[in-house]
Amino acid sequence: MSDRYEDLHFIDTTKNVWNYSLLTAEDIANFQAGTHYRLYQKFGSRSCQVNGTWGVYFCVWAPNATEVSVTGNFNNWEKRSHLLTARWDKSGVWEGFIPALGLGEIYKYYIIGFEGRATEKTDPFANYCEVRPLTASITWDMYYDWKDAAWMKQRKKRNALDAPWSVYEVHLASWQRPDAFDEESYNTYDQIRERLVPYVKEMGFTHVEFMPVMEHPFDGSWGYQCTGYFAATSRFGDPQGLMRLIDAFHAENIGVILDWVPSHFPYDAHGLFMFDGTHTYEYADMRKGFHPDWNSYIFNYKRGEVKSFLISSARFWFDYFHIDGIRVDAVSSILKLDYSREEGEWEPNEFGGNGNIEAIAFIRDLNETIYRDFPDVQTIAEESTDWPGVSRHTWHGGLGFGMKWMMGWMHDTLDYFALDPIERRNHQHKFSFSMMYYYDENFMLPLSHDEVVHGKSPMLYKMPGDEWQKFATLRLMYTYMWMHPGAKLLFMGNEIGQTTEWNYKSELNWGLLQYPLHKGVQTCIADLNSLLTTQPALYEYQFREEGFAWCDLNHAEESVISFIRKGKDPKDDLLIVLNMTPVVRNDWAIEVSEKPYSAEIFNSDRPVYGGTGDSYNPDIRTEIIDKKAKKVRILVNLPPLGAIVLK
């Protein structure tokens, strides 16, 4: 027996909009309970055939509306000629089928809402939208013939926590533009594919992370104020263009992470705010519903329909775009009722605390769902406080993320390397502190876009000294970052030693690469990536205590620090020595146990990186101190403001 709607119900084909539904009673129950995570297969606009006629089915949630219609070019933007029907079950869902409507049609919902307020809204489930400043949705098909079966089959290994992670963070609009001086000029997804994929491959990054590609009205938000949670931005083309870009990365064995923003949304008239004339997606209580930092609105995580909407959005990108991870933005602001609020501006939870209980439940359900359905990916939290167990399993009381950004490491590292070298001896604790709490979480070390905007200066100019010292210190800091346990994330432009802050309206200053020092930084990063992916000691135990040991922290006065990275096979162990001052130190003695480190496999002072090349170690001199205790002393030459890696 058929369970098709048209076989069970009479369809009145005399009307402009036919009564038709793709939803079952179970769909509605799960939607309302906050447990329907595939809403994108039912809601929005979808091309289908009803009674032998092709057209488009529309489905939207507007619980406070008294009337909802579809308006667009196809009906000359008539407001009320194509009325949708409210479901009989009081779910607040409106739906209907418009016959003979095709793909590529521009439309909006015209909603008579709470207290008779009339609004025109973009479809919250649209897969494609007009290029801003236009705001209408476009009927579209999400079909794409993926070519990445080989990647999908073996990506579990590449996305695992014991795999190398070196992430290149990219803002697609401003990585390169057709015209660097025209902020309205964009490369298409295909042009980006032709340029970006070979570059990331050549640089040796294992993953790329896109700042939000979900549709957003204001370029200055960098994508973090999103209106289209199921739509790839049309600035660069259609959704299949983004699919081709991701497919091409996968062909080169590079994983793709998307930034995703379930924390807040803007108040643009066509967006989610006051969707049906009152607070539908956001909390009605502005102590919870308004975000003072970003002048935006916070999702009502208590509402089942909103939770279903958000988790469906995350799942959509994994399902339809084959992504390898999401980096969830502003997690602290989701979790904390008092985030950026003074006393009296927030209300404690039922237990008297500052945690948003329904938001915590949402985060846990999000992570459980993603890892259940896509066990070969990662979710990554941008969480800036000391909230416990962010990257611990939910069944151990954690939030369930795979990794968390290590913001404390980032601040301490930049503070330390900004010091005059003569001052570093007094601040070694800043350098070594990260390992005191490193094993609390699975950490990703970020030098992200946030560190090179708003007057914080580019990475190069955070470093002290003359030009040579700035470049040497930058290479030293990057070497330390790559050798430190944990995943790595580097924002675009940091790898070429940008001399200006990031400007989203322009593009990176690629002309700098004509200068040897800038080209040297780029070569250094590529070699560090090569080291990371070929040396198992740098990733096999990157989140486990057996992967790291301090070798020598007792020379603060000279600012020379050494540590060991360990793999599963002791033969893979690496000794890293960092010389934090511009003083050359020949015949520097280090005591190590049993292992004779016999080869220098990396030196940040090589001429090809823009270094002097004067201090290097063609052979490592070793003398036995205590045969019984298997103690040996090695003598090495340390370059000024340089790092060496021995194997």
Would you please test Trp222 and His171 for ring-ring contact (aromatic ring centres under 6.0 Å, His included) and show each step?
-> CA-CA 8 Å; Trp222 313 332; His171 180 257; 7.7 Å; no
Report the C-alpha distance between Trp502 and Trp175 in whole Å, list the side-chain angles of each, state the deciding distance to 0.1 Å, and finish with yes or no for ring-ring contact (aromatic ring centres under 6.0 Å, His included).
-> CA-CA 10 Å; Trp502 170 53; Trp175 184 74; over 10 Å; no
Can you list the steps and then say if Asp190 with Thr188 is a side-chain hydrogen bond (donor to acceptor under 3.5 Å, both in side chains)?
-> CA-CA 5 Å; Asp190 289 327; Thr188 65; 5.0 Å; no
Is there a side-chain hydrogen bond (donor to acceptor under 3.5 Å, both in side chains) between Trp54 and Ser47 once you walk through the steps?
-> CA-CA 7 Å; Trp54 279 98; Ser47 177; over 6 Å; no
Pair Arg315-Asp373, salt bridge (Lys or Arg N to Asp or Glu O under 4.0 Å): steps then yes or no = CA-CA 9 Å; Arg315 213 184 166 285; Asp373 296 348; 2.8 Å; yes
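Less than 6.0 angstrom separates the ring centroid of Phe43 from the ring centroid of Phe31.
Side chain to side chain, Thr278 and Asn64 fail the donor-acceptor criterion of an N or O pair below 3.5 Å. At a cut-off of 3.5 Å, with distance as the only test, a side-chain donor of Ser81 or Asn75 sits close to an acceptor on the other residue. A donor atom on one side chain and an acceptor atom on the other are not found under 3.5 Å apart for Tyr339 and Asn356. Judged by distance alone, the side chains of Ser384 and Ser332 do bring a donor and an acceptor atom under 3.5 Å apart. Between the side chains of Asn159 and Trp165, no donor N or O sits under 3.5 Å from an acceptor N or O.
Not a single salt bridge (Lys or Arg N to Asp or Glu O under 4.0 Å) links Asp238 to another residue, sequence neighbours left out. Scanning for salt bridge (Lys or Arg N to Asp or Glu O under 4.0 Å) contacts around Asp285 gives Arg287, with sequence neighbours left out.
Rounding to the nearest 0.5 angstrom, the gap separating the OH atom in Tyr371 from the CZ atom in Phe401 is 8.5 Å. Atom CG of Leu196 and atom CE of Met203 lie 12.0 Å apart (nearest 0.5 Å). Rounded to the nearest 0.5 angstrom, Gln378 CD and Ile257 CD1 are separated by 9.0 Å.
Aromatic ring pairs are classed by plane angle as parallel below 30°, tilted from 30° to 60° and perpendicular above 60°; the pair Trp146 and His322 is parallel. Under the 30°/60° scheme for interplanar angles, the aromatic rings of Tyr57 and Tyr20 are found to stand perpendicular.
Cation-pi contact between Arg87 and Trp94: absent, since separation from the ring centre below 6.0 Å together with deviation from the ring axis within 45° is not met.
No donor-acceptor pair closer than 3.5 Å links the side chain of Glu252 to the backbone N or O of Phe249. Under the 3.5 Å distance criterion, the side-chain polar atoms of Ser448 are left unmatched by any main-chain donor or acceptor of Phe491. Between the side chain of Asn19 and the backbone N or O of Phe10 there is at least one donor-acceptor pair closer than 3.5 Å. In terms of modelled atom types and a separation under 3.5 Å, the side chain of Ser45 and the main chain of Phe58 share no donor-acceptor contact. The backbone N or O of Asn509 lies less than 3.5 Å from a partner atom in the side chain of Gln498, making a donor-acceptor pair. Using a distance-only test at 3.5 Å, with no hydrogens or angles considered, a donor-acceptor pair links the side chain of Glu169 to the main chain of His449. Remark: the backbone N or O of Ile334 is not paired with any side-chain donor or acceptor of Ser263 at under 3.5 angstrom. Looking only at distances, no side-chain donor or acceptor of Asn73 sits under 3.5 Å from a matching main-chain atom of Tyr107. Between the Arg158 side chain and the Gln154 main chain, no donor and acceptor come within less than 3.5 Å of each other. Proximity of a side-chain donor or acceptor of Asn127 to a complementary backbone N or O of Phe230 within less than 3.5 Å is detected.
Here Asp27 pairs with Lys42 in a salt bridge; the nearest charged N to carboxylate O distance falls below 4.0 Å. Classification of Lys121 and Asp123 as a salt-bridged pair fails, no side-chain N sitting under 4.0 Å from a carboxylate O. Salt bridge annotation for Lys147-Asp247: absent, with no cationic side-chain nitrogen under 4.0 angstrom from a carboxylate oxygen. Remark: Asp276 does not engage Arg117 in a salt bridge, criterion side-chain N to carboxylate O under 4.0 Å. Salt bridge annotation for Glu215-Arg235: present, with a cationic side-chain nitrogen under 4.0 angstrom from a carboxylate oxygen. In summary, Glu383 and Lys404 engage in a salt bridge, as defined by a charged side-chain N under 4.0 Å from a carboxylate O. Under 4.0 Å is where a charged nitrogen must lie from a carboxylate oxygen, and between Glu130 and Lys108 no such pair does. Under 4.0 Å is where a charged nitrogen must lie from a carboxylate oxygen, and between Glu120 and Lys79 at least one such pair does. A salt bridge links Glu67 with Arg80: the closest approach of a Lys/Arg side-chain nitrogen to an acidic carboxylate oxygen falls below 4.0 angstrom.
Residue Thr379 is tested with Ile363, Ile326, Leu366, Thr369 for a side-chain contact (heavy atoms from CB on, under 4.5 Å); the sole match is Ile326. Residue Tyr40 is tested with Trp317, Phe309, Tyr320, Phe318 for a ring pair (Phe, Tyr, Trp, His ring centres under 6.0 Å); the sole match is Tyr320. Exactly one of Tyr283, Tyr229, Phe275, Phe362 qualifies for a ring pair (Phe, Tyr, Trp, His ring centres under 6.0 Å) with Phe299. That residue is Tyr229. Here the rule is side-chain contact (heavy atoms from CB on, under 4.5 Å) with Tyr110, and of Thr119, Leu84, Val68, Thr71 only Thr71 fits it.
Enclosure of atom NZ in Lys456 by more than 12 non-hydrogen atoms of other residues, nucleotides or ligands within 6.0 angstrom is indicated. Around atom CD of Glu184, more than 12 heavy atoms belonging to other residues, nucleotides or ligands sit under 6.0 Å away.
Among residues at least two apart or in separate chains, side-chain hydrogen bond (donor to acceptor under 3.5 Å, both in side chains) pairs with a member in residues 294-305 are His264-Ser296.
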